[in-house]
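The structure displayed is predicted, hence computed values, not measured ones.
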Amino acid sequence: MATPCITQLTFQGEEFPTRVVARFDTPQSSSDGGAVLLKAVDARLDLTARLAACLDDPREPGKVLHETIDLLRQRVFGLGCGYADCNDAARLTHDPIHKLVLGRDPVDGLGLASQPTLSRFENAVGPRELLAMGHVLADTVIELHRWRLRGRARRITIDFDPTDDPTHGQQEFTFFNGHYDTWCYLPVVATVTFNNEPAQYAVVAVLRHGNAPASRGARALFWQLIQKLRTAFPKARLRVRLDGGFATPKLFAFFERHDLEYVVAMASNSRLEKRARRLMGKARMRSKATGQTAHLYGETRYAAKSWKRKRRVIIKAEVVRHPGRDPKNNPRFVVTNLPHTPERVYAIYCERGDMENRLKELHHGLELDRTSCSRFWANQLRMLLTLAAYVLLQDLRRRAAGTTCADAQVSTLRERLIKLAARVERSVRRIVLHLPRHFPWLSAWRHLAQAVGARP
């Protein structure tokens, strides 16, 4: 059986032309050589320094071994490299690259903080500090794109979406959610899109109780976000796209009061279905004639009992056909104040579908749902640290335009650019990272390195 003390393993047999020896004898080496790209992006955005400035440190200065900024950076860079848990710290204590990105000597520098130290750090943060960190994250993303677009944007689209975060312990404020059929938290994530660009940039992540309705806290978040966006882009039109959980009269009134364009899905009901009946009949006739799925678009003026006035509702009359199944009626409704044709309005709403990809990246690429601390505020900190790592990776992807990594998911970016074997050599004057001479993404890595400040 292999154990950590075994420094050599041998492969031999018919599958190898000769005996192959694997020796664990290369000092000062790491499998995360590409983490220096994350460090360079962070230096450009000044993100972790600004986040650390939000935090108080109640520890006695003479007894502090790891500064607050080092603990925060260890967690953010670790998340970017795929280490979602504080428990991973034990495996990274003496990794030279991880010491290097914290600004320490990669050979003789102090090792990384332990899991207990990181856990104490996470549990010491309170709501006031978390609020300040949330503002810093939003400001950083918005300032980055204000600089990129020189303050000129015709339209900015805001997407809000809740997502389930299943829990499996005794976390504070976890509740059973009937819609997701599990005990969970229900965080909400917001993204912004500029003009007609395809990219959605994450800007807000807020942890909420497991039984919170989708619209809880939405007006306060929208108010803070639109103030920031209008300050940075005073001439831009702001548009909001939301799913049916946000279709409340208070939110509609808020959007109209603040001159926001909105496209919000609405759950079906008997009155809306009655108004869609004629259009559904035409869609069924078309589907029967073609043998294919058919959809038609229309509109109506509608006011629910809780609404003070009528609003424009777009109707999508769809008949879905699958081989071997009966046709299925699928009427959909969207409330909007946009003046475009019904088909165009519904197409604008459907563009929010890419928000699901952002949530998948956060869940599967960065493990946004690793909220296993017992304290609610500690879990909110974990969510903000995850968002910070995502901001760095999104900017890395943005700078990869024109390369094979331009549209890569977070996990693919990590696999191609971060998980790179490196041997560290230190001299009096410099630190040299010895990277592979041949690896598949060498040209993309060089392009990105120069984009974040490296010189040939």
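- Contacts of R398 classified as side-chain hydrogen bond (donor to acceptor under 3.5 Å, both in side chains), with partners at least two apart in sequence or in another chain: D395.
- Between Y262 and F255, the ring planes are tilted. Angles from 30° to 60° get that label.
- Closest approach of A389 and V76 over heavy atoms only: CB-O, 3.6 Å.
- Taking the six-membered ring for Trp and the full ring otherwise, the centers of Y185 and F175 sit at least 6.0 Å from each other.
- Ring pair H66/F121: centre-to-centre distance not below 6.0 Å.
- A salt bridge is defined here as a Lys NZ or Arg NE, NH1 or NH2 lying under 4.0 Å from an Asp or Glu carboxylate O, and D161 with R358 fails to meet this definition.
- Taking a cutoff of 4.0 Å between a charged side-chain nitrogen and a carboxylate oxygen, E197 and R148 qualify as a salt bridge.
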Assess whether ring-ring contact (aromatic ring centres under 6.0 Å, His included) is satisfied between Y346 and H295, documenting all intermediate values.
CA-CA 11 Å; Y346 202 85; H295 32 75; 8.9 Å; no
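- The nearest pair of heavy atoms linking M355 to F160 is CE-C, 4.5 Å.
- Nearest approach of K310 to R301, heavy atoms of both residues: O-NH2, 3.4 Å.
- No side-chain donor-acceptor contact under 3.5 Å links N177 to the backbone of N211.
- Closest heavy-atom contact between L381 and E122: CD2-CA, 3.5 Å.
- What you find for V319 and S287 is that their closest heavy atoms are CG1-OG, 3.8 Å.
- More than 12 heavy atoms of other residues, nucleotides or ligands sit less than 6.0 Å from atom CZ of R309.
- Annotation for I315 and A276: closest pair CG2-CB, 3.6 Å, computed over non-hydrogen atoms.
- Salt-bridge formation is not detected for the pair D407/R397: no Lys NZ or Arg NE/NH1/NH2 atom is positioned less than 4.0 Å from an Asp or Glu carboxylate oxygen.
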Practice task
Begin with the C-alpha distance, continue with both residues' side-chain angles, and end with the deciding distance and a verdict on ring-ring contact (aromatic ring centres under 6.0 Å, His included) for H168 and W183.
Solution key: CA-CA 7 Å; H168 307 281; W183 289 80; over 10 Å; no
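- No more than 12 heavy-atom neighbours from other residues, nucleotides or ligands sit within 6.0 angstrom of CZ on R278.
- Within a 6.0 Å sphere centred on CZ of R286, other residues, nucleotides and ligands contribute 12 heavy atoms or fewer.
- Checked against ring pair (Phe, Tyr, Trp, His ring centres under 6.0 Å), W307 has the following partners two or more places apart in sequence or in another chain: F252, Y302.
- For R50 and E143, the salt-bridge test passes: some basic side-chain N is under 4.0 Å from an acidic carboxylate O.
- Judged as a ring pair (Phe, Tyr, Trp, His ring centres under 6.0 Å), and not counting sequence neighbours, the contacts of Y201 are H145.
- Evaluation of the ring pair (Phe, Tyr, Trp, His ring centres under 6.0 Å) test over residues 71-91, restricted to residues two or more places apart or in two chains, returns Y83-H98.
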Stepwise side-chain hydrogen bond (donor to acceptor under 3.5 Å, both in side chains) test for T157 and T193: CA-CA 5 Å; T157 303; T193 306; 5.6 Å; no
For Q200 and D159: C-alpha separation, side-chain torsions, deciding distance, then whether side-chain hydrogen bond (donor to acceptor under 3.5 Å, both in side chains) applies.
CA-CA 9 Å; Q200 294 177 321; D159 289 290; 3.1 Å; yes
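- Within a 6.0 Å sphere centred on NZ of K419, other residues, nucleotides and ligands contribute more than 12 heavy atoms.
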| message | Test side-chain hydrogen bond (donor to acceptor under 3.5 Å, both in side chains) on Q171 and S374; report intermediate values, then the result. | response | CA-CA 4 Å; Q171 292 97 319; S374 60; over 6 Å; no
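- With respect to R275 and E299, no salt bridge is recorded, no charged nitrogen being found less than 4.0 Å from a carboxylate O.
- Note: L102 CG to L110 CG = 9.5 Å, rounded to the nearest 0.5 Å.
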Can you give each donor-acceptor pair under 3.5 Å made by side-chain atoms of residues 445-456, sequence neighbours left out, with the distance rounded to 0.1 Å?
unit_1, atom_1, unit_2, atom_2, d
W445, NE1, L417, O, 3.0
H447, NE2, R399, O, 3.2

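- By the 4.0 Å N-to-carboxylate-O rule, K328 lies too far from E318 to be salt-bridged with it.
- The main-chain N or O of Q170 is never found under 3.5 Å from a side-chain atom of T174 such that the two would form a donor-acceptor pair.
- Legend: residues meeting ring pair (Phe, Tyr, Trp, His ring centres under 6.0 Å) with Y180, ordered by chain and number and at least two apart, are absent.
- Considering R73, Q74, R75 as possible partners of T48, the one that fulfils the side-chain hydrogen bond (donor to acceptor under 3.5 Å, both in side chains) test is R73.
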